[in-house]
Every structure is written in structure tokens, then in C-alpha cells.
Participant: 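One structure coming up, written as C-alpha cells, with questions to follow.
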Amino acid sequence: MNVSDARSSSVLLVEGSDADSACIARALTFQGEPHPFVAQIVSRNDALRRLARSTFDVALVDLSPFEEAITTLRDIRRAAPDMPIVALTCHVDEHQALEVLKLGVQDHLFKTEVSAKLLVRSLRFAVERNRADTLESLNRKLVAAERSLQEAKEQLETKNRRLAELYRTAHEFVDNVSHEFRTPLTVIKEYVSLIEDGVVGDISGEQRRMLAIVEDRADDLNTMVDDMLDVSRLEAGMLGVWRKGCRVSDIIDHVWPNLEKKAAVKGVEMVSNVASCDREIFCDSEKIGRVLINLTVNAIKFSGQNGRVEVWGKQDLAAREVTIGITDTGPGIDDDCLAVIFDRFKQVNDHCRCAGKGFGLGLNIAKELVDLNFGHMNVQSEVGSGSTFSFTVPLAEPVEVAGRYLAWLEKTRGGDSPVSVLIAEVEQCCDESMVEEIDSFLNYVSRRGDLILQMDCRRWLFFVPIAGLDLERFCARLAEARMEANRNRPRGPLADIRIHVDGTWSIANHADHVLRRMDHLLHPLELSCA
């Protein structure tokens, strides 16, 4: 019992003699002791009931009569295995003493020889030894637990390294296989084109129809290769994004010839209705083109002979976005299938339309690419009447785009993630060619989680989800990348780009402040160079 322990220690006193009980109780409250024991005197029959309700620091048990006392000791030890016990007896022989020791009794005291001071001292030592043993046992358990945790940590690290290696190998395999597909696909398409053009002789109408099917299936395989590559890059966080202002009509015009050709092979009518979308949108036009291809190819596939697919667009100025949709006349999709249709590799029941045959990546990739461009995907379908897949893209309005970017960051990285705003600036307005090259360079060195907004012909806003040392390293990397780019430029170096940090904020608590600050920075946009 530590001298610094302010509480009294409790004693479970099991004593059959009322006179001895009173004597022992007086001894335990001996005034010379700084912190006396407090005894609760119980009968043998009441001892276990008392232990079930209360905890005691030590038990003081009378061993008379011996056989009955041994049973009591065993019961107490089972009920409170960690509580120290001191035996009190009138006499005990060697055999009895050995039996008592086997039960874990820490000390024997003879009533005829013990004094109040000796009694308190024995109880104190029993309590202290028990505490020391308990601490030592806890320390041993802690050491063993720490050793076990360390071994588990090492095993987990080994498994993580192995998983990382397998993950890297899998991505390399996908990349290698995908690139290996490119060459034979290109050869197939070129030879088909040569035959279709009559370079090796005239062909019949039926042969031309068959060649169109071959070319169509080669395009399907090429789309699968693109999907696999995109999955690999998305998982690795290496899919580059170049978001900038563009027109819906330009994106559709770029992909329309191939889609129209594919529809003709399937006997499907293609209709475009995007004339009303005259506002500039902000996105990676190549990625949105891939979304259009995947959704439209799916619509063509399931529309069937004499089906109809309409690609349409509409502006929502209140929501500051454009919605692009693909409506088909296919069999439609039931509610159960709609719940899983965007899951990767998910094949749904035969009675409804799924993400497509084979790998089933098209819809999943489309959804992720839309999300990467700060939009959202939607699907509406009625069994027997067809389906409409649509997605949104923000208008090319910097504050709107930045707001969506911050919401996207909070969703993908959490509200406590930082965001830093940098300003990239050249000394004077550059010609259109140099502006395009600087914009291309900045997008080249950016990462998937960054956002670049061109303010005018000499300034760019850079949003990056990093802070502190990571931000310093990022700025240093920009400078190094510019020097490396200039070494390989035959037409002279890029204009000198100065980078300075405007501020760093947490997304959840300061998103509105970031947008207000950005709005302030963008006021010169109206007076930018022509």
C-alpha cells in the first residue's frame, strides 16, 4: 500500500469468533498507521455473496476449523483469483501449511503471536506484492502484445508490398496487352480500308457489307482496349485530364462519323439535336468524347435493326450546366438492373440490358469520366420503350467550375483536405500560339486532382489539394519541368512563368472564402487581352 494512496484499503475478514473479529477490527484501525484498513467482517457462508457484490484489496481468513477453512479458501480463490489472501490461525502443522500455500496464501499469522502492527504490516505487504505482481504481469502482457503487434505489422507490411507488386504487375500487364492490341487492330483496319477502296480489285456489295462488319468489330475491340487502359490509369491515379473551354457541337462532330458508320452497320438511324447548346462548356473534350462513344455504342447495340438513337443536348442556365443525352428505342432496363448497371464488370440478368458484352466496362468508365469532369450521370428507362442515358457538364464559368471542383475534392478526399491556390503569371501578354503552349505545359505538369483556370492571356489559377512542404515541392517541380521543357524546344524557350501561392485553406471550412477570393482575382477577366 503506497503511502501516497489516499484511500483506505478494504479487508474481507472471514472470522468465526465474534471476540477475535472485534479485536482484529480494532487492530486494523490502529491510530499509528497513516492509512488504516477498513474491515468488513463476514461469515464463511456470506463471504462469496459479498465477493459477488464488492471488490476487496485483501482477504484475512481464519483457518479454524481447518477443513472448513480450506473449502472457504478454494471458493474465495475461484471467486477472486487475483485477490491476495492472508491466513490467520491458532496453530497449523507442516502438512496443512503446504496445502494452504498451494492455494496461493501469501502469509500465515498466528493469533497468539501477532500484534496490531505486525497484522497491518502483513496485510500491507500482501497488497503491495499483489500490486507489484499485477503490474509485472501487465508489463509482460504489454511486452507480449507489443511484440505480437510488431510481428503483425511486419507481416502486414510484407503482404502490402506483395499486393503493391501484384497491383503494379497487373497494371503493367493490362498496359502491355492493351498496347500490343493496337498494332494488329491498326493493321486490320488499314487492310479493310484498302479492300473497301478497291485497291486490290473490285468488291461486291455483299463483300462491302461484310468488310463493314469487320471494321465495326475492330472498332469495338479498340474501344475495349481504351476502356482497359482508362481503368488501369484511373486505378493508378495516372489518368491525365486537360479541362478547358470547348463546344458541345465540336465534341459531337469529332466522334459522329465513326458512330454513324457503326449505326449503319447495325441498321440503326442516328439523329443529332444539339443546336440549342451554344454556350461554351468546361471539360476535357477527349474524355467527354469517350463518354459519348461508350454511351452511344451501347445504345446502338441494343436498339436493334431499324432502331433509332438520338444524341441531344440542352442548356440549364439556372444550374449553370449543359445536359447531353443519348435516347434509344431499345428494350429498356428494369429497376433491378438499373441499380447495378454502372458497376464495373457487372453482368446483370439475361432478361434485361446490361453494360454490354465482354468486359462490361463501358458504362462504368463513362460514369467515372463524367465525375472527373465535375458532372453527374443519370439514366431513365422504361421496359419496352427504350432508355435515356444523360450526363451534365458545367458551363465554362470559372467560379462555377471552381465550386464544383471543391465539392468534388470534398467528396473524393474529405472535408479536412487542404486546397492551395497558386497564380501562374508571365510578364506580358503572349501571342495565341505561346498562350496555347503555356496552357498545354501547365496541364501537362498538373495531376488528376488539380484544376487549372486561365484568367487571361498572361495569368492562370492553379488549384492543388496540398499544403506545406508538399506545396513547396510542387512549386519546385514546376520550375524543374519548365527548365526540362525548354531544353527540348527547337523554337526557343517558353515565356518565363512566375508562380506564387495566394493562400491555403481547408475545403470544408473555407470553400466559400476560396470562391470569394477567386471571384476577386477573376475581375480582370473582363479586361483580358483579346
Side-chain angles (χ1 to χ4, degrees), residues 230-231 233-246 281-288 290-291 319-322 342 364-378 391-424 439 442-455 459-478 499-522 525:
D230 281 349
V231 167
R233 291 164 182 164
L234 278 167
E235 292 289 347
M238 297 176 62
L239 185 67
V241 186
W242 188 353
R243 309 181 191 93
K244 57 182 179 179
C246 53
I281 60 175
F282 186 85
C283 64
D284 183 321
S285 59
E286 189 272 331
K287 301 298 185 297
I288 295 301
R290 292 269 290 113
V291 174
R320 317 313 299 164
E321 65 186 17
V322 166
F342 291 110
N364 176 267
I365 290 296
K367 185 176 185 300
E368 295 206 34
L369 293 180
V370 168
D371 184 67
L372 203 57
N373 282 281
F374 315 139
H376 62 270
M377 182 84 77
N378 184 45
F391 60 94
T392 61
V393 186
L395 294 177
E397 298 174 354
V399 176
E400 173 66 25
V401 170
R404 293 190 179 216
Y405 166 75
L406 294 176
W408 176 77
L409 270 187
E410 185 171 5
K411 181 180 72 172
T412 57
R413 304 200 178 197
D416 57 348
S417 174
V419 61
S420 297
V421 178
L422 289 69
I423 298 177
D439 190 58
L442 291 175
N443 277 277
Y444 169 75
V445 297
S446 69
R447 302 149 312 166
R448 178 184 171 186
D450 303 337
L451 173 67
I452 300 176
L453 295 172
Q454 185 177 347
M455 299 168 66
R459 293 185 304 163
W460 286 258
L461 277 180
F462 225 126
F463 292 78
V464 290
I466 51 178
L469 290 175
D470 289 335
L471 185 59
E472 293 179 11
R473 285 192 286 266
F474 177 78
C475 293
R477 185 171 70 84
L478 283 180
I499 305 287
H500 70 269
V501 179
D502 186 67
T504 298
W505 301 271
S506 67
I507 299 173
N509 298 327
H510 300 97
D512 290 342
H513 175 79
V514 174
L515 294 179
R516 286 195 300 270
R517 175 60 183 158
M518 177 186 166
D519 190 37
H520 173 74
L521 292 170
L522 284 171
L525 186 62

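What you see is a predicted model; the values in this text were computed from it and never measured.
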Participant: Would you compute the distance between atom CG of D450 and atom CG of L442 and round it to the nearest 0.5 angstrom?
Facilitator: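 With rounding to 0.5 Å, CG (D450) is 11.0 Å from CG (L442).
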Participant: Just by distance, do the side chain of R320 and the backbone of E400 share a donor-acceptor pair under 3.5 Å?
Facilitator: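 Not confirmed, R320 side chain does not pair with E400 backbone.
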Participant: Any non-hydrogen side-chain atom of L395 less than 4.5 Å from a side-chain atom of V322?
Facilitator: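 Yes, their side chains come closer than 4.5 Å.
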Participant: Considering non-hydrogen atoms only, spot the tightest contact between P465 and Y405 and give its length.
Facilitator: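 Looking at all heavy atoms of both residues, the closest pair is CD-OH, 3.7 Å.
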Participant: Can you name the closest pair of heavy atoms from V419 and L409 and give their distance?
Facilitator: CG2-CD1, 4.2 Å
Participant: Once rounded to the nearest 0.5 Å, what's the spacing between atom CD of E368 and atom CE of M377?
Facilitator: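 If I round to the nearest 0.5 Å, the distance is 10.0 Å.
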Participant: Mind checking the CG-SG spacing from L372 to C283? Nearest 0.5 Å is all I need.
Facilitator: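 Rounded to the nearest 0.5 Å, the CG-SG separation comes to 11.0 Å.
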Participant: Is it true that K244 and D439 make a salt bridge, defined as a side-chain N closer than 4.0 Å to a carboxylate O?
Facilitator: no
Participant: Charged N to carboxylate O below 4.0 Å: is that the case for R473 and D470?
Facilitator: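 Answer for the salt bridge query: yes.
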Participant: For a 4.5 angstrom cut-off between non-hydrogen side-chain atoms, does K287 reach V291?
Facilitator: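 A side-chain contact under 4.5 Å is absent here.
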Participant: Decide side chain to side chain contact (heavy atoms under 4.5 Å, CB included) for L422 and F474; before the verdict, give the C-alpha distance in whole Å, the side-chain angles of both, and the deciding distance to 0.1 Å.
Facilitator: CA-CA 11 Å; L422 289 69; F474 177 78; 4.1 Å; yes
Participant: Using modelled atom types only, decide if a donor and an acceptor are shared between the side chain of N373 and the backbone of R243 within a distance under 3.5 Å.
Facilitator: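 No, N373 side chain to R243 backbone: no donor-acceptor pair under 3.5 Å.
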Participant: So which heavy atom on M518 is nearest to which on P398, and how close?
Facilitator: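 Closest approach of M518 to P398: CE-O, 3.0 Å.
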Participant: Go through W242 and I452 one step at a time and tell me if the side chain to side chain contact (heavy atoms under 4.5 Å, CB included) criterion holds.
Facilitator: CA-CA 9 Å; W242 188 353; I452 300 176; over 6 Å; no
Participant: Specify the closest pair of heavy atoms between F282 and V393, including all atoms of both residues, with the distance to one decimal.
Facilitator: O-CG1, 3.6 Å
Participant: What's the spacing between L461 CG and I423 CD1 if we round to 0.5 Å?
Facilitator: 6.0 Å
Participant: Between OG of S506 and CD of E410, what distance do you get to the nearest 0.5 Å?
Facilitator: 9.5 Å
Participant: Are the side chains of C246 and I281 in touch, meaning some heavy atoms are under 4.5 Å apart?
Facilitator: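 Yes. Closest side-chain heavy atoms under 4.5 Å.
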Participant: For A467 and S420, work out which heavy atoms get closest and say how close.
Facilitator: CA-OG, 4.1 Å
Participant: G414 and I507: which non-hydrogen atoms are nearest, and at how many Å?
Facilitator: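 Smallest heavy-atom distance, with atoms named: O-CD1, 4.3 Å.
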Participant: To the nearest 0.5 Å, what is the distance between CG (D284) and CZ (R290)?
Facilitator: 11.0 Å
Participant: Could you go through the side chain to side chain contact (heavy atoms under 4.5 Å, CB included) check for L453 and F463 one step at a time?
Facilitator: CA-CA 8 Å; L453 295 172; F463 292 78; 4.0 Å; yes
